[in-house]
Amino acid sequence: METTETLDKTSGTFPKIISVDDHTVEPPHVWQDRLPSRYRDIGPRIVRAPLKEMTFLGGKFAPVMGEKGDDGPIGDWWVYEDLHRPLTRLDTAVGYARDEIKLEVITYEQMRPGSYDVRQRLADMDVNHVQSALCFPTFPRFCGQTFTEAKDRELGLLGVRAYNDWMVEEWCGPDAQGRLIPLTLIPLWDAELAAAEVRRNAARGVRAVAFSEIPPHLGLPSIHTDDWDPFLAACDETGTVIAMHIGSSSKMPSTSADAPPAVGSTITFANCCFSMVDWLMSGKFERFPNLKVMYAEGQIGWIPYILERADVVWEENRAWGGVAEKVHRPPSELFAEHVYGCFFDDAFGLRNLDAIGVGNVLYETDYPHSDSTWPKSKEVGEAQMGHLPPDVVDRIVRRNAIELLGLTENGLWAGPGA
């Protein structure tokens with residue numbers, strides 16, 4: 001018998017969702033409208049061209065753009081310096097049957113308009129019982145590593161700032177009605193410049209910044225060094241959440257060079273797992289006590305064992321583990337105060353919520369990606385959270401995100417100056 005202490009699946013009381021991991025497909029004008037005129041011919045721009053070949057094996061995505069007039073399917077490509085990156089069906093798969101979602105190039109006309117248009121996005125959020133959403137980038141990739149890999153650092157910095165201005169002023173601007181929550185980028189190659197960009201955006205109400213789950217995969221210092229301290233200090237001082245999406249190290253987990261994408265898709269959480277252990281053993285949470293980090297699209301079912309193992313290692317291997325002088329509290333305690341796991345479909349994790357922590361879990365819909373639960377995120381949530389008390393469901397679906405991201409009581413972004 002269902003009691004008043006559990007979620008009534010038939011009453012329509014499932015809370016309006018605040019998704020902490022959706023995605024925007026940037027419109028073609030983002031950089032063309034915002035870069036100085038001298039950079040528009042070499043800055044990010046859209047070119048329509050045929051596909052010559054494309055593979056996605058061993059966790060590595062390798063597209064090759066053809067020349068005008070070549071045979072091959074036509075798609076819209078982002079062109080920037082030597083980079084040619086097509087829009088693909090995996091970037092925006094919502095509205096298509098699972099069997100129709102394949103690795104193929106597409107044009108803007110072939111994607112759901114909510115992928116790149118604010119008003120259409122709000123309409124699709126309404127269909128999906130979503131009130132507000134935090135969106136990760138597409139062309140810059142999940143932490144802006146596209147600009148880090150570019151040769152021209154001046155142009156790269158301008159590209160980062162242009163994206164952030166578009167994110168705050170247009171994507172999350174007046175048309176969004178406070179329902180889109182800004183997530184900005186940093187110039188990853190310079191921690192001082194990164195700190196300045198965090199503060200610039202925090203001054204206009206931004207409370208989340210994208211970062212790499214495993215920076216050394218990008219040729220950058222690890223968080224065990226002091227190199228990132230200016231950036232971490234800026235986040236600590238401004239209350240800016242460090243948001244890390246799977247794949248933000250440009251390296252998805254796999255087992256071999258010829259492993260099919262299904263292998264990597266099954267173990268995507270592994271990057272989050274490795275990253276979280278890094279942070280828990282880094283000493284950064286004790287040096288910067290206000291730091292908060294979140295793992296987008298990492299799911300949560302794996303967390304209990306990792307916390308158990310981390311505590312054992314911290315206690316039993318202190319003499320040789322290399323953390324005794326900088327980590328003075330059990331990792332599980334640090335997790336409870338600083339780390340948030342995000343999920344869109346994880347019944348196992350929800351059955352073990354007491355071993356994770358109600359206050360450390362956030363909900364997401366992953367619109368418009370192929371893994372997205374749109375337009376049934378409410379139904380998925382009802383099915384998987386039906387055993388939980390309503391106040392716990394509310395925390396997972398809304399309240400934790402409101403508190404973490406500094407939203408209004410109604411779950412909206414208050415805008416510049418918030």
Exercise for review: Answer yes or no: is there an ion pair linking E170 with R34, defined by an N-O contact shorter than 4.0 Å?
Suggested key: yes
Study note, to complete from the structure: Between I18 and Q131 the two heavy atoms that sit nearest each other are CG1-OE1, 4.4 Å
Review point. Strictly by modelled atom types, are T146 and R141 linked by a side-chain donor-acceptor pair under 3.5 Å?
Key: yes
Review point. How many angstroms lie between CZ in F285 and NE2 in H328, if you round to the nearest 0.5 Å?
Key: 15.5 Å
Check your understanding: What do you reckon, are the aromatic ring centroids of F139 and W31 less than 6.0 Å apart?
Key -> yes
Side-chain donor-acceptor distances from residues 351-359 under 3.5 Å, at least two apart:
from : atom 1 : to   : atom 2 : distance (Å)
N352 : ND2    : F348 : O      : 2.8

Point to revise | Between D258 and S256, a side-chain donor and acceptor under 3.5 Å | key: yes
Practice item. Would you check if the side chain of E213 reaches a backbone N or O of G247 as a donor-acceptor pair within less than 3.5 Å? Key: yes
Review point. For K376, does the NZ atom sit with more than 12 other heavy atoms under 6.0 Å from it, leaving out its own atoms?
Key: no
Point to revise | F288 atom CZ, over 12 foreign heavy atoms within 6.0 Å | key: yes
Review point. Heavy-atom distance under 4.5 Å between the side chains of I246 and C272, does that happen here?
Key: yes
Point to revise | Spacing of K151 atom NZ and L83 atom CG [to the nearest 0.5 Å] | key: 11.0 Å
**Study point:** Ring centre gap for H23 and F142 strictly below 6.0 Å
**Key:** yes
Study note, to complete from the structure: Note: C143 and L185 closest approach over all heavy atoms is C-CD2, 3.9 Å
Exercise for review: Would you check, one step at a time, whether the test side chain to side chain contact (heavy atoms under 4.5 Å, CB included) holds for W374 with D22?
Suggested key: CA-CA 10 Å; W374 186 92; D22 285 0; over 6 Å; no
Review point. Tell me, do I396 and M385 make a side-chain contact under 4.5 Å, heavy atoms counted?
Key: yes
Exercise for review: Considering only NZ, NE, NH1 and NH2 on the basic side and carboxylate oxygens on the acidic side, decide whether R399 and D391 come within less than 4.0 Å.
Suggested key: no
Check your understanding: When you check the gap from the basic side-chain N to the acidic O, do R38 and E154 get nearer than 4.0 Å?
Key -> yes
Practice item. Could you pull out the closest heavy-atom pair between D152 and L155, with the gap in Å? Key: OD1-N, 3.0 Å
Check your understanding: Where the side chain of D346 meets the backbone of Q299, is there a donor-acceptor pair that is under 3.5 Å apart?
Key -> no
Point to revise | Check: I74 and V105 side chains under 4.5 Å, non-hydrogen atoms | key: no
Practice item. Please confirm whether R318 makes a cation-pi placement over W314, using NZ or CZ under 6.0 Å from the six-membered ring centre and within 45° of the ring normal. Key: yes
**Study point:** E409/R398 ion pair, N-O < 4.0 Å
**Key:** no
Point to revise | For H369 against V94, the heavy-atom pair lying closest together | key: O-CG1, 4.2 Å
Check your understanding: Does the side-chain hydrogen bond (donor to acceptor under 3.5 Å, both in side chains) test come out yes or no for S19 and E364, once each step is laid out?
Key -> CA-CA 4 Å; S19 175; E364 58 184 49; over 6 Å; no
Practice item. Considering only NZ, NE, NH1 and NH2 on the basic side and carboxylate oxygens on the acidic side, decide whether D124 and R112 come within less than 4.0 Å. Key: yes
Check your understanding: Would you say E286 and V327 make side-chain contact, with heavy atoms under 4.5 Å?
Key -> yes
Review point. Distance from I223 atom CD1 to L232 atom CG, nearest 0.5 Å?
Key: 8.0 Å
Exercise for review: Count the heavy atoms of every other residue, nucleotide or ligand shown that sit under 6.0 Å from NZ of K52, and state whether that count exceeds 12.
Suggested key: no
Review point. Any side-chain heavy-atom pair from V277 and I306 closer than 4.5 angstrom?
Key: yes
Review point. How long is the gap from OG on S115 to CD on E26, to the nearest 0.5 Å?
Key: 11.0 Å
Review point. Can you tell me how far OG of S377 sits from CE of M125, rounded to the nearest 0.5 angstrom?
Key: 11.0 Å
Review point. Between L122 and Q177, does a side chain to side chain contact (heavy atoms under 4.5 Å, CB included) hold up when you go through it step by step?
Key: CA-CA 9 Å; L122 298 188; Q177 304 169 30; 3.8 Å; yes
Exercise for review: Output, in order, the C-alpha distance, side-chain angles, deciding distance and verdict of side chain to side chain contact (heavy atoms under 4.5 Å, CB included) for W78 and V47.
Suggested key: CA-CA 6 Å; W78 282 105; V47 173; over 6 Å; no
Check your understanding: Is the count of non-hydrogen atoms from other residues, nucleotides or ligands lying under 6.0 Å from R119 atom CZ greater than 12?
Key -> no
**Study point:** Y340 ring center near Y295 ring center (under 6.0 Å)
**Key:** no
Exercise for review: Give a yes-or-no answer on whether the side chains of D311 and S332 include a donor-acceptor pair shorter than 3.5 Å.
Suggested key: yes
Check your understanding: Less than 4.5 Å apart, any side-chain heavy atom of L134 and any of D21?
Key -> no
Check your understanding: Would T238 and R199 satisfy side chain to side chain contact (heavy atoms under 4.5 Å, CB included), going step by step from the backbone distance to the final call?
Key -> CA-CA 7 Å; T238 60; R199 293 189 173 96; 4.3 Å; yes
Revision key, fill the gap. On a heavy-atom basis, the closest approach of H245 and F136 is CB-CE2, 3.7 Å
Review point. Under 4.0 Å between a Lys/Arg side-chain N and an Asp/Glu carboxylate O for R179 and D126?
Key: yes
Practice item. Using the side-chain hydrogen bond (donor to acceptor under 3.5 Å, both in side chains) rule, take R45 and Y80 through it: C-alpha gap first, then chi angles, then the decisive distance, then the call. Key: CA-CA 7 Å; R45 59 205 182 277; Y80 171 43; over 6 Å; no
**Study point:** Exercise: identify the closest heavy-atom pair between P50 and G72
**Key:** CB-O, 3.8 Å
Exercise for review: Starting from the C-alpha separation in whole Å, work towards a yes-or-no answer on side-chain hydrogen bond (donor to acceptor under 3.5 Å, both in side chains) for T107 and D76.
Suggested key: CA-CA 5 Å; T107 65; D76 283 334; 4.7 Å; no
Check your understanding: How about F147 and Y163: are their ring centroids closer than 6.0 Å?
Key -> no
Check your understanding: Aromatic ring centroids of Y363 and F343 under 6.0 Å?
Key -> yes
**Study point:** Pairs where residues 181-197 contributes a residue and the test salt bridge (Lys or Arg N to Asp or Glu O under 4.0 Å) is met, not counting sequence neighbours
**Key:** R161-E197, E197-R200
**Study point:** Backbone of V168 reached by a side-chain donor or acceptor of W171 within 3.5 Å
**Key:** no
Exercise for review: May I ask you to test the V380-F344 pair for a side-chain heavy-atom distance under 4.5 Å?
Suggested key: no
Review point. Within a strict 4.5 Å, meaning less than it, do heavy atoms of the Y367 and V130 side chains meet?
Key: no
**Study point:** D165/R204 salt bridge by N-O under 4.0 Å criterion
**Key:** yes
Exercise for review: Report the distance from atom CE of M244 to atom CZ of F211, rounding to the nearest 0.5 Å.
Suggested key: 7.5 Å
Exercise for review: Test R287 against D229 for salt bridge (charged side-chain N to carboxylate O under 4.0 Å, His left out), laying out the working first.
Suggested key: CA-CA 9 Å; R287 291 188 58 196; D229 284 5; 2.7 Å; yes
Practice item. Go through Q145 and T148 one step at a time and tell me if the side-chain hydrogen bond (donor to acceptor under 3.5 Å, both in side chains) criterion holds. Key: CA-CA 5 Å; Q145 60 265 54; T148 299; over 6 Å; no
**Study point:** E337/K292 salt bridge by N-O under 4.0 Å criterion
**Key:** no
